[in-house]
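These notes are about the structure you will find just below.
Excluded from the calculations below are hydrogen atoms, water molecules and symmetry mates; all remaining heavy atoms, backbone and side chain alike, are included.
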Amino acid sequence: MNKQLLLATAMASLLALGATGAMAQNVAIVNGKAVPKTRLDALAQQVAKSGRPVTPEMEGQLREEVIAREVFMQEAEKQGIATSDEFKTQMELARQTLMIRELFANYQKTNPVTDADLKAEYDKFVAANGGKEYKARHILVEKEADAQAIIASLKKGAKFEDIAKKQSKDPGSGANGGDLDWANPSSYVPEFTEALLKLKKGQTTDTPVKSQFGYHVIRVDDIRSAKLPAFEEVKPQIAQQMQQQKLAAFQEELRKKAKVE
């Protein structure tokens with residue numbers, strides 16, 4: 001009897017260990033169906049990818065989410081949703097979206113933007129935006145005669161800011177007395193830039209400057225050496241921009257290679 005009792009006890013212990021091991025592989029048993037722990041792990045990975053830490057409290061919430069999904073999935077299967085044409089169409093669209101997203105992610109992973117690329121792009125930016133910056137004002141009107149009349153008034157002592165507020169058609173600067181703030185001359189239309197570069201600090205154009213927007217009367221309030229951000233400050237923005245450009249080029253290349261009939 002003692003031997004039989006020992007054997008029964010040993011068997012019960014083995015069965016308990018087996019059940020514990022099985023439960024360790026599953027999150028729960030829902031309506032008799034095992035929910036594997038791999039689902040919880042996959043959901044946790046998605047959360048981690050988004051930048052959020054997977055805390056013990058979060059793990060509990062994710063477990064409840066996985067169980068809820070299984071409950072809802074079982075009901076959806078009972079109702080035959082998976083066999084509907086609409087569901088199949090949505091599944092195909094979702095499959096395409098995921099595959100394309102992974103394609104692009106893999107391309108960016110295997111074709112990274114190097115530090116040398118970033119520095120070269122920054123140097124181009126510096127070359128294009130270096131030199132001098134101008135703090136200018138302008139008054140924009142539709143007719144050349146109006147611009148000439150404004151210039152005549154300024155020569156007689158009229159205040160530039162007051163005229164700009166009353167007559168300038170530029171909604172952005174007019175209310176501020178024509179103030180355009182600090183800017184590189186190249187940021188303006190060519191005609192404006194050409195006239196601006198001829199002026200010294202405190203000078204106003206003697207003749208109206210015609211552009212696609214109308215006629216400008218321009219005054220330079222100040223000139224300074226361009227203040228550009230350091231490479232490290234703009235490196236993340238340059239990297240993002242260049243990654244987008246490379247990805248766009250990759251997409252365009254694939255489209256050109258494709259034989260579309």
Side-chain angles (χ1 to χ4, degrees), residues 113 117-253 255-256:
V113 177
D117 294 333
L118 296 175
K119 188 61 170 63
E121 188 68 16
Y122 175 77
D123 290 341
K124 284 168 57 179
F125 166 76
V126 171
N129 295 278
K132 301 291 184 181
E133 289 182 331
Y134 286 66
K135 185 170 177 35
R137 293 178 185 270
H138 83 136
I139 301 169
L140 176 65
V141 291
E142 294 179 2
K143 299 178 180 179
E144 184 177 11
D146 292 336
Q148 290 172 338
I150 288 171
I151 292 172
S153 296
L154 291 172
K155 289 180 178 179
K156 292 178 182 178
K159 194 171 181 181
F160 193 102
E161 292 82 347
D162 293 341
I163 297 177
K165 289 178 182 179
K166 293 178 182 178
Q167 298 187 46
S168 182
K169 302 299 181 182
D170 181 359
S173 67
N176 295 320
D179 188 9
L180 294 171
D181 207 350
W182 289 101
N184 188 286
S186 62
S187 63
Y188 301 114
V189 293
E191 302 89 347
F192 194 104
T193 298
E194 184 180 352
L196 187 69
L197 292 174
K198 293 178 181 178
L199 299 174
K200 295 180 180 179
K201 181 178 177 179
Q203 284 188 327
T204 302
T205 48
D206 288 327
T207 57
V209 178
K210 184 181 180 181
S211 78
Q212 65 197 73
F213 303 107
Y215 291 88
H216 307 262
V217 178
I218 307 168
R219 188 182 81 189
V220 172
D221 287 348
D222 204 354
I223 303 173
R224 70 182 183 188
S225 295
K227 294 183 178 180
L228 300 177
F231 173 60
E232 292 300 327
E233 291 179 36
V234 294
K235 185 177 178 180
Q237 293 93 319
I238 296 175
Q240 183 180 23
Q241 181 181 14
M242 293 193 71
Q243 285 167 355
Q244 291 174 347
Q245 289 172 346
K246 288 191 73 169
L247 182 58
F250 172 64
Q251 294 171 358
E252 185 62 26
E253 181 185 1
R255 289 178 65 88
K256 286 181 178 179

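- For the residue pair Gly177 and Ala164, the shortest heavy atom distance occurs at C-CB, 3.4 Å.
- Note: Gln245 CD to Gln241 CD = 4.5 Å, rounded to the nearest 0.5 Å.
- Using a 4.5 Å heavy-atom threshold, the side chains of Gln243 and Leu247 count as separate.
- Residue pairs that meet the side chain to side chain donor-acceptor pair (under 3.5 Å) test with at least one member in residues 138-157, sequence neighbours left out, are His138-Asp170, His138-Ser173, His138-His216.
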Pair up each side-chain donor or acceptor in residues 217-236 with any protein partner under 3.5 Å, not counting sequence neighbours, and list the distances.
residue : atom : partner : partner atom : Å
Arg219  : NE   : Asp221  : OD1          : 2.8
Arg219  : NH2  : Glu161  : OE2          : 3.0
Arg219  : NH2  : Asp221  : OD1          : 3.1
Asp221  : OD2  : Arg137  : NE           : 2.8
Arg224  : NE   : Glu133  : OE1          : 2.9
Arg224  : NH2  : Glu133  : OE1          : 3.0
Lys235  : NZ   : Asp115  : OD1          : 3.2

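- Ion pairing between a basic and an acidic side chain is recognised when a charged N comes within 4.0 Å of a carboxylate O; Glu253 and Lys256 show no such pairing.
- Remark: Phe160 CZ to Ile139 CD1 distance equals 4.0 Å, nearest 0.5 Å.
- A 4.5 Å side-chain heavy-atom check between Ser211 and Phe192 finds every atom pair outside the cut-off.
- To the nearest 0.5 Å, the span separating CG on Leu154 from OG1 on Thr205 amounts to 8.5 Å.
- Shortest non-hydrogen contact noted between Asp181 and Asp179 is N-OD1, 2.9 Å.
- The distance from atom CZ of Phe125 to atom CD1 of Ile238, rounded to the nearest 0.5 Å, is 7.5 Å.
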Might you work through the side-chain contact (heavy atoms from CB on, under 4.5 Å) test for Glu121 and Lys124, ending with a clear yes or no?
CA-CA 5 Å; Glu121 188 68 16; Lys124 284 168 57 179; 3.6 Å; yes
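- Looking at every heavy atom in both residues, Val141 comes nearest to Gln167 through CG1-O, 4.0 Å.
- Among all heavy-atom pairs drawn from Tyr188 and Thr193, the shortest one is O-OG1, 3.4 Å.
- Among all heavy-atom pairs drawn from Ile151 and Thr207, the shortest one is CD1-C, 3.6 Å.
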